[in-house]
Asker: 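Below are the structure tokens for one structure; questions will follow.
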Amino acid sequence: MNNYEQKYFNSIQESLNRSKYKIHGKNTDPSSFFDNLVETTKKIKSSEGRIFFFGNGASAAFSNHMALDWSKNGGILALCLSDSALLTALSNDYSYDLAFVEFLKINNIKSNDIVVTVSSSGNSKNVINVLNYCNDNKVLTFGLSGLKEDNQTAKIASYSLYVPRKTYGLVECIHQIFLHLWLDKYMNIEDWSRDSFQNMDASNFNL
């Protein structure tokens, strides 16, 4: 089969196989990367730290989604700048490029928190500003990026995960997979080894 759909599926698989992982600037493999990230997340949980998610456009929607999942299912308070009144107020009063940073200041970001940025290009100014602010204040960051390998996020995030694709759609799809992988591994959820289906309804909850 050599149709459009199969080529699309092949591109997704290739993206997963060829993504690049760095911890504090050093290359590593996916298992070591997520093992380390999960252990760090457990420390954040034990110290009552928080997770902050940031993104633009579709990446903002993914950020909002993961903030919900971590707060509700992962048991770690997670925040995302999704309030339109607050976002527009900060953008108007400071600038859109500094809105994410000002959100962290309002929430008194601490060294036991972690900041997650989702950016297909890895070069959005508000994302880079928040990563630099975190580095200056000794706050760990997890930056997901794509498109060009030499993007700024890949260079400065504490945990960097780069997806080697040329189009936004595929990068966004792969980012979602990796974000769920992180949460599922933290929660020890294994789709491949279970017989029952998840059910999030409180009356018949089955995580």
Asker: Mark yes when over 12 heavy atoms from residues, nucleotides or ligands other than Lys72 sit less than 6.0 Å from its NZ; otherwise mark no.
Answerer: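 Enclosed.
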Asker: Of all heavy-atom pairs between Ser124 and Ser121, which one has the smallest distance, and what is that distance?
Answerer: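 Shortest heavy-atom contact: N-OG, 3.8 Å.
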Asker: Does any part of the side chain of Gln176, heavy atoms only, come nearer than 4.5 Å to the side chain of Leu144, both counted from C-beta?
Answerer: no
Asker: Determine whether Ile128 and Ile109 fall in the same hydrophobic cluster, where Ile, Leu, Val, Met, Phe, Trp and Tyr are linked whenever their side-chain heavy atoms lie under 4.5 Å apart.
Answerer: yes
Asker: List in chain and number order the residues that pass side chain to side chain contact (heavy atoms under 4.5 Å, CB included) with Tyr4, two or more places apart in sequence or in another chain; answer none if no residue qualifies.
Answerer: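 If we apply the side chain to side chain contact (heavy atoms under 4.5 Å, CB included) test to Tyr4, skipping adjacent residues, the hits are Tyr8.
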Asker: Is the shortest heavy-atom distance from the side chain of Leu147 to the side chain of Val171 under 4.5 Å?
Answerer: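 SC-SC contact between Leu147 and Val171 confirmed.
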Asker: Taking salt bridge (charged side-chain N to carboxylate O under 4.0 Å, His left out) as the cut-off, I'd like each qualifying pair that reaches into residues 143-164, sequence neighbours left out, listed once.
Answerer: Lys20-Glu149
Asker: Check for me, please, whether Leu181 and Val118 land in the same ILVMFWY cluster - side-chain distances under 4.5 Å, paths through other members count.
Answerer: yes
Asker: Would you say Leu86 and Ile106 make side-chain contact, with heavy atoms under 4.5 Å?
Answerer: yes
Asker: Report the distance from atom CG of Asp69 to atom CG of Asp184, rounding to the nearest 0.5 Å.
Answerer: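 Interatomic distance, Asp69 CG to Asp184 CG, rounded to 0.5 Å: 8.5 Å.
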Asker: Run the side-chain hydrogen bond (donor to acceptor under 3.5 Å, both in side chains) test against Ser145 and tell me which residues pass, sequence neighbours left out.
Answerer: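 In terms of side-chain hydrogen bond (donor to acceptor under 3.5 Å, both in side chains), with neighbours along the sequence ignored, Ser145 is linked to Asn151.
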Asker: Scan side-chain atoms only and decide if Ser95 and Asp97 contain a donor-acceptor pair under the 3.5 Å cut-off.
Answerer: no
Asker: Does Asn27 have any side chain to side chain contact (heavy atoms under 4.5 Å, CB included) partners at least two apart in sequence or in another chain, and if so, which?
Answerer: Lys22
Asker: Is there a donor-acceptor contact under 3.5 Å from the side chain of Asn10 to the main chain of Gln6?
Answerer: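 The answer is yes, because a donor-acceptor pair under 3.5 Å joins these two groups.
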Asker: With the side chain counted from C-beta on, respond yes when Glu102 and Asp93 share a heavy-atom pair under 4.5 Å apart, and no when they do not.
Answerer: no
Asker: Of all residues at least two apart in sequence or in a different chain, which pass the side-chain hydrogen bond (donor to acceptor under 3.5 Å, both in side chains) check with Ser31?
Answerer: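 Expected list: none.
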Asker: Counting N and O atoms only, with roles assigned by atom type, does the side chain of Arg50 sit under 3.5 Å from a partner on the main chain of Asn107, one being a donor and the other an acceptor?
Answerer: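 Flag set: sc Arg50 to bb Asn107 pair under 3.5 Å.
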Asker: Could you measure the distance from the CG atom of Leu161 to the CD1 atom of Ile174? Nearest 0.5 Å is fine.
Answerer: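 Reported value, rounded in 0.5 Å steps: 10.5 Å.
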Asker: Could you note down all residue pairs passing side chain to side chain donor-acceptor pair (under 3.5 Å) where residues 79-91 supplies at least one of them, sequence neighbours left out?
Answerer: Asn64-Ser82
Asker: Would you indicate whether the side-chain heavy atoms of Leu81 and Leu90 approach each other to under 4.5 Å?
Answerer: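 Yes - at least one pair of side-chain heavy atoms lies under 4.5 Å apart.
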Asker: Quick one: side-chain hydrogen bond (donor to acceptor under 3.5 Å, both in side chains) partners of Thr141, sequence neighbours excluded?
Answerer: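 Residues passing side-chain hydrogen bond (donor to acceptor under 3.5 Å, both in side chains) with Thr141: Ser158.
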Asker: Quick one, Asp35 and Lys185 - any side-chain contact, counting heavy atoms below 4.5 Å?
Answerer: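 Yes, at least one pair of side-chain atoms sits under 4.5 Å.
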Asker: Ignoring hydrogens and geometry beyond distance, is a side-chain donor-acceptor pair present between Asn17 and Gln13 at under 3.5 Å?
Answerer: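 The criterion, which ignores hydrogens and geometry beyond distance, is satisfied for Gln13 and Asn17.
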Asker: For Gln198, which residues count as a side chain to side chain contact (heavy atoms under 4.5 Å, CB included) partner, sequence neighbours excluded?
Answerer: Ile189, Arg194, Leu207
Asker: Considering all heavy atoms of both residues, which atom of His175 and which atom of Ser119 are nearest to each other, and what is their separation?
Answerer: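 Heavy atoms only, the tightest pair is CE1-O, 3.7 Å.
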Asker: I want to check something: taking the side chain as every heavy atom from C-beta on, are Tyr186 and Trp70 in contact at a cut-off of under 4.5 Å?
Answerer: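 With C-beta onward as the side chain, the pair touches.
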Asker: To the nearest 0.5 angstrom, please state how far the OG atom of Ser11 sits from the CZ atom of Arg18.
Answerer: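 Here the interatomic distance stands at 10.0 Å.
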Asker: When you look at Asn73 and Met200, which way does the side chain to side chain contact (heavy atoms under 4.5 Å, CB included) test go after all the steps?
Answerer: CA-CA 9 Å; Asn73 303 326; Met200 306 312 249; 3.2 Å; yes
Asker: Got a donor-acceptor contact below 3.5 angstrom from the Ser47 side chain to the Ile44 backbone?
Answerer: yes
Asker: Search all heavy atoms of Gly122 against all heavy atoms of Thr153 and return the closest pair with its distance.
Answerer: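 That closest heavy-atom pairing would be O-OG1, 2.8 Å.
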Asker: Applying side chain to side chain contact (heavy atoms under 4.5 Å, CB included), can you list everything that pairs with Thr167, at least two apart in sequence or on another chain?
Answerer: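 Scan of Thr167 (side chain to side chain contact (heavy atoms under 4.5 Å, CB included), adjacent residues dropped) gives Leu170.
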Asker: Are Val116 and Val163 joined in one hydrophobic group, where the rule is that I, L, V, M, F, W and Y side chains link up if heavy atoms are under 4.5 Å apart?
Answerer: yes
Asker: Calculate, to the nearest 0.5 Å, the distance between atoms CD1 and CG belonging to Ile177 and Leu16 respectively.
Answerer: 5.0 Å
Asker: Between Glu48 and Lys110, does a side chain to side chain contact (heavy atoms under 4.5 Å, CB included) hold up when you go through it step by step?
Answerer: CA-CA 11 Å; Glu48 298 184 348; Lys110 298 178 181 178; over 6 Å; no
Asker: Can you run down the ring-ring contact (aromatic ring centres under 6.0 Å, His included) pairs that involve residues 133-161, sequence neighbours left out, and say none if there aren't any?
Answerer: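 Matches after skipping sequence neighbours: Phe33-Phe142, Phe33-Tyr159, Phe142-Trp182.
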Asker: Is the closest side-chain donor-acceptor distance between Asn56 and Tyr96 under 3.5 Å?
Answerer: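 A donor-acceptor contact under 3.5 Å links the two side chains.
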Asker: Which atoms form the tightest heavy-atom contact between Gly143 and Ala157, and what is the distance?
Answerer: N-CB, 3.7 Å
Asker: Could you check if a side-chain atom of Phe54 sits within less than 4.5 angstrom of a side-chain atom of Asn126, using non-hydrogen atoms only?
Answerer: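 A side-chain contact is absent here, since even the closest heavy-atom pair is not under 4.5 Å.
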Asker: Distance from Glu14 atom CD to Ser19 atom OG, nearest 0.5 Å?
Answerer: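 That separation rounds to 10.0 Å.
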Asker: Would you say Phe103 and Ile114 are hydrophobically clustered, going by side-chain heavy atoms of ILVMFWY under 4.5 Å?
Answerer: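 Phe103 and Ile114: separate clusters.
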Asker: Would you name the heavy atoms of Gly55 and Ala60 that are closest together and state the gap between them?
Answerer: O-CB, 3.2 Å
Asker: Would you please name every residue forming a side-chain hydrogen bond (donor to acceptor under 3.5 Å, both in side chains) with Glu172, sequence neighbours left out?
Answerer: none
Asker: If hydrophobic clusters are built by linking Ile, Leu, Val, Met, Phe, Trp and Tyr wherever their side-chain heavy atoms come under 4.5 Å apart, do Phe52 and Met66 end up in the same one?
Answerer: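 Hydrophobic grouping puts Phe52 apart from Met66.
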Asker: So which heavy atom on Lys43 is nearest to which on Ser46, and how close?
Answerer: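 For Lys43 versus Ser46, the nearest heavy atoms are O-OG, 2.9 Å.
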Asker: Can you sort out the partners of Phe62 under ring-ring contact (aromatic ring centres under 6.0 Å, His included), two or more places apart, ordered by chain and number?
Answerer: none
Asker: Applying the side chain to side chain contact (heavy atoms under 4.5 Å, CB included) test to Cys134, which of Leu140, Asp113, Leu104 qualifies?
Answerer: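 Of all the options given, the one that passes is Leu104.
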Asker: What is the distance from atom CG of Asn188 to atom OG of Ser193, rounded to the nearest 0.5 Å?
Answerer: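 With rounding to 0.5 Å, CG (Asn188) is 8.0 Å from OG (Ser193).
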